[in-house]
Chemist: 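Mind looking over this structure? Questions follow.
Position 1 is the first residue of the sequence; numbering continues from there. Model, not experiment: these values are computed from the prediction.
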Amino acid sequence: MERIVVLTGAGISRESGLDTFRDADGIWSRYDIADVCTPDAFRRDPALVDRFYNDRRAELGRVRPNAAHLALARLEEAARTGQWPGELLIVTQNIDDLHERAGSRNVWHMHGELLRVRCTSCGGTPEWQADCLPHTPCPLCGRPTLRPDVVWFGEIPLHMPRIEAALEACDLFVAIGTSGTVYPAAGFAALVEGHADTLEINQKPSAVSTRFDRFMTGPATRMVPRWVDERLAR
């Protein structure tokens, strides 16, 4: 049985029309990271941070999963129905829900989820679609202590012990639409060296592309369905 871990980054969501953070005309061209994506920023001006993520949530509602998301969901479904003898885990740096809306079930969000909030009083992480404001009460404990359930700069990514365990056990590691500049995700290819094959699918080589055995150049919407077809044809 082939065990595949797929890492997805901003590039796959960009092809659905979502603004990315690091592009020249991306989100950071309009906002300062220090104002909206750090714990200090939230302590200093929670209303501004909440407004920033409310806008991201509204934007997410206007886009749809693309062919790359759908292809990965198709591969997972083939595994679930016995049409492909393997296991697929998606580890995503993205906080959107496009993988889930495409039909993928085995998805770990290492940087959190836009459609959840986290209560700093009770620790709950309820699903969340509406706007959230500093005075909004937690639906679980009633206290107005909600924050976006995302990993900010200076915070530790989620699920790291089990992600590392999955990488240690995988046969193939695939990175799709990642820049290779954000750690710890940028170090995943190095973690699998010696026991797993590696593939990067990207518009251009990432900062860590030399770590990969194979490279597929082009948009994820074209390359990922092609790669999935290859796996299913074996």
Chemist: Using side chain to side chain contact (heavy atoms under 4.5 Å, CB included), reason through Val224 and Ile201 one step at a time and then give a plain yes or no.
Modeler: CA-CA 7 Å; Val224 177; Ile201 300 174; 4.2 Å; yes
Chemist: Would you say Ser16 and His69 make side-chain contact, with heavy atoms under 4.5 Å?
Modeler: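 Yes - at least one pair of side-chain heavy atoms lies under 4.5 Å apart.
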Chemist: Under a 3.5 Å threshold, yes or no: a donor from one side chain and an acceptor from the other, between Asp149 and Thr125?
Modeler: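 There is no such pair between these side chains.
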Chemist: When you measure from the side chain of Thr38 to the backbone N and O of Ala41, does any donor-acceptor pair fall under 3.5 Å?
Modeler: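 Here the side-chain-to-backbone pair exists.
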Chemist: Any idea which heavy atoms bring Pro184 and Met160 closest together, and the distance?
Modeler: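 Scanning both residues completely, I find the closest heavy atoms to be CG-CE, 3.7 Å.
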Chemist: Does Val91 share a hydrophobic cluster with Leu191, counting links as ILVMFWY side-chain heavy atoms below 4.5 Å and allowing steps through other members?
Modeler: yes
Chemist: What verdict does the side chain to side chain contact (heavy atoms under 4.5 Å, CB included) test give for Ile176 and Val174, after you've listed the backbone C-alpha separation in whole Å, the side-chain angles of each residue and the deciding distance to 0.1 Å?
Modeler: CA-CA 6 Å; Ile176 302 170; Val174 184; 3.9 Å; yes
Chemist: Give, for atom CG of Asp131 and atom CZ of Arg51, the distance between the pair rounded to the nearest 0.5 Å.
Modeler: 11.0 Å
Chemist: Does the pair Asp40/Arg44 count as a salt bridge with the N-to-O cut at 4.0 Å?
Modeler: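 Judged by the 4.0 Å cut-off on N to carboxylate O distance, Asp40 and Arg44 do not form a salt bridge.
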Chemist: Can a salt bridge be assigned to the pair Glu100 and Arg105 using a cut-off of 4.0 Å between side-chain N and carboxylate O?
Modeler: no
Chemist: State whether the side chain of Asp171 and the backbone N or O of Ala196 hold a donor-acceptor pair below 3.5 Å, judged by distance alone.
Modeler: no
Chemist: What I'd like to find out is whether the side chain of Leu7 reaches to under 4.5 Å of the side chain of Gln93, using heavy atoms alone.
Modeler: yes
Chemist: Kindly give the heavy-atom pair with the smallest separation between Pro225 and Ala220, and that separation in Å.
Modeler: CD-O, 3.4 Å
Chemist: How many angstroms lie between CZ in Arg234 and CG in Leu232, if you round to the nearest 0.5 Å?
Modeler: 10.5 Å
Chemist: For the pair Arg214 and Asp197, find out whether any cationic side-chain nitrogen is under 4.0 Å from an anionic carboxylate oxygen.
Modeler: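 Result for this pair is no, no salt bridge flagged.
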Chemist: If you group Ile, Leu, Val, Met, Phe, Trp and Tyr by side-chain heavy-atom gaps below 4.5 Å, do Val182 and Ile12 land in one group?
Modeler: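 No, Val182 does not connect to Ile12 through the hydrophobic network.
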Chemist: Is the count of non-hydrogen atoms from other residues, nucleotides or ligands lying under 6.0 Å from Arg80 atom CZ greater than 12?
Modeler: yes
Chemist: State whether a side-chain donor-acceptor pair under 3.5 Å links Glu200 with Ser206.
Modeler: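 Distance-only check passes for Glu200 and Ser206.
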Chemist: Answer whether the closest heavy-atom distance between the side chains of Val6 and Trp227 falls below 4.5 Å.
Modeler: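 Yes, close enough: below the 4.5 Å cut-off.
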Chemist: For residues Leu18 and Val36: do they belong to one hydrophobic cluster (side chain heavy atoms under 4.5 Å, members Ile, Leu, Val, Met, Phe, Trp, Tyr)?
Modeler: yes
Chemist: Below 4.5 Å, heavy atoms only, C-beta onward: do Cys170 and Val192 meet side chain to side chain?
Modeler: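 Side chain of Cys170 against side chain of Val192, heavy atoms only: contact under 4.5 Å found.
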Chemist: Can you tell me how far CG of Asp50 sits from CG of Leu133, rounded to the nearest 0.5 angstrom?
Modeler: 6.0 Å
Chemist: Can you label the angle between the Phe173 ring and the Phe212 ring as parallel, tilted or perpendicular, going by 30° and 60°?
Modeler: parallel
Chemist: How many angstroms lie between atom OG1 of Thr120 and atom CZ of Phe42, to the nearest 0.5 angstrom?
Modeler: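 It is 7.0 Å, given to the nearest 0.5 Å.
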Chemist: Between Val150 and Glu113, is there a side-chain heavy-atom distance shorter than 4.5 Å?
Modeler: no
Chemist: Between Phe153 and Val151, is there shared hydrophobic-cluster membership here, with clusters defined by ILVMFWY side-chain heavy atoms closer than 4.5 Å?
Modeler: no
Chemist: Please lay out, stage by stage, how Ile4 and Leu89 fare under the test side chain to side chain contact (heavy atoms under 4.5 Å, CB included).
Modeler: CA-CA 6 Å; Ile4 300 176; Leu89 167 65; over 6 Å; no
Chemist: Any side-chain heavy atom of Leu60 within less than 4.5 Å of one from Leu98?
Modeler: yes
Chemist: For the residue pair Val208 and Tyr183, what are the closest heavy atoms and their distance?
Modeler: CG1-OH, 4.1 Å
Chemist: Measure across Pro148 and Trp152 and return the closest heavy-atom pair with its distance rounded to 0.1 Å.
Modeler: CD-CZ2, 3.8 Å
Chemist: Is a side-chain donor-acceptor pair under 3.5 Å present for Arg57 with Asn54?
Modeler: yes
Chemist: Whether the His99 and Thr8 side chains hold a donor-acceptor pair (N or O, under 3.5 Å, no angle test) is what I'd like checked.
Modeler: yes
Chemist: Output yes when a side-chain donor or acceptor of Trp128 lies under 3.5 Å from a complementary backbone atom of Ala130, and no otherwise.
Modeler: yes
Chemist: Taking the side chain as everything from C-beta on, heavy atoms only, tell me whether Met216 gets closer than 4.5 Å to Leu199.
Modeler: yes
Chemist: Return the CG to CZ distance between Leu70 and Arg64, rounded to the nearest 0.5 Å.
Modeler: 12.0 Å
Chemist: Under 3.5 Å, is there a donor-acceptor pair between the side chain of Asn202 and the main chain of Thr178?
Modeler: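 At least one qualifying donor-acceptor pair exists.
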Chemist: Can you tell me if CZ on Arg211 sees more than 12 non-hydrogen neighbours from other groups inside 6.0 Å?
Modeler: no
Chemist: Can Glu127 and Arg116 be counted as an ion pair, charged N to O under 4.0 angstrom?
Modeler: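 Salt bridge: yes.
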Chemist: Decide, yes or no, whether a salt bridge links Arg147 with Glu155 under the criterion of side-chain N to carboxylate O below 4.0 Å.
Modeler: yes
Chemist: If you take all heavy atoms of Gly180 and Ala186, which pair is closest and at what distance?
Modeler: O-CB, 3.4 Å
Chemist: Output yes when a side-chain donor or acceptor of Arg143 lies under 3.5 Å from a complementary backbone atom of Leu140, and no otherwise.
Modeler: no
Chemist: Is there side-chain contact between Arg231 and Leu88, with heavy atoms separated by less than 4.5 Å?
Modeler: no
Chemist: Between Glu59 and Arg62, does at least one N-O distance fall below 4.0 Å, as a salt bridge requires?
Modeler: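 Looking at Glu59 and Arg62, the cut-off is not met.
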Chemist: According to a 4.5 Å side-chain heavy-atom criterion applied to Ile, Leu, Val, Met, Phe, Trp and Tyr, with indirect links allowed, do Val5 and Ile90 form part of one hydrophobic cluster?
Modeler: no
Chemist: Within the side chain of Arg3, is there an N or O that forms a donor-acceptor pair under 3.5 Å with the backbone of Leu172?
Modeler: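 No: the side chain of Arg3 does not pair with the backbone of Leu172.
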Chemist: How far does NE2 of His159 sit from NE2 of His109, to the nearest 0.5 angstrom?
Modeler: 8.0 Å
Chemist: Taking all non-hydrogen atoms of both residues, which atom of Ala73 and which atom of Ala102 are closest, and how far apart?
Modeler: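 Closest heavy-atom pair between Ala73 and Ala102: CB-O, 3.4 Å.
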Chemist: What I want to check is whether the side chains of Thr221 and Glu15 have a donor and an acceptor closer together than 3.5 Å.
Modeler: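 Yes, a side-chain donor-acceptor pair sits under 3.5 Å.
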Chemist: Whether the side chain of Asn94 engages the backbone of Asp96 through a donor-acceptor N/O pair (distance < 3.5 Å, no angle test) should be reported.
Modeler: no
Chemist: Do Arg226 and Glu230 sit within salt-bridge range, that is, some charged N less than 4.0 Å from a carboxylate O?
Modeler: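 No, Arg226 and Glu230 are not salt-bridged.
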Chemist: Please determine if Asp229 and Arg74 form a salt bridge, counting it only when a charged side-chain N lies under 4.0 Å from a carboxylate O.
Modeler: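 Looking at Arg74 together with Asp229, the answer is yes, because their closest N to O distance falls below 4.0 Å.
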Chemist: Determine, stepwise, if the pair Thr81 / Glu77 fulfils side chain to side chain contact (heavy atoms under 4.5 Å, CB included).
Modeler: CA-CA 6 Å; Thr81 58; Glu77 175 66 15; 3.1 Å; yes
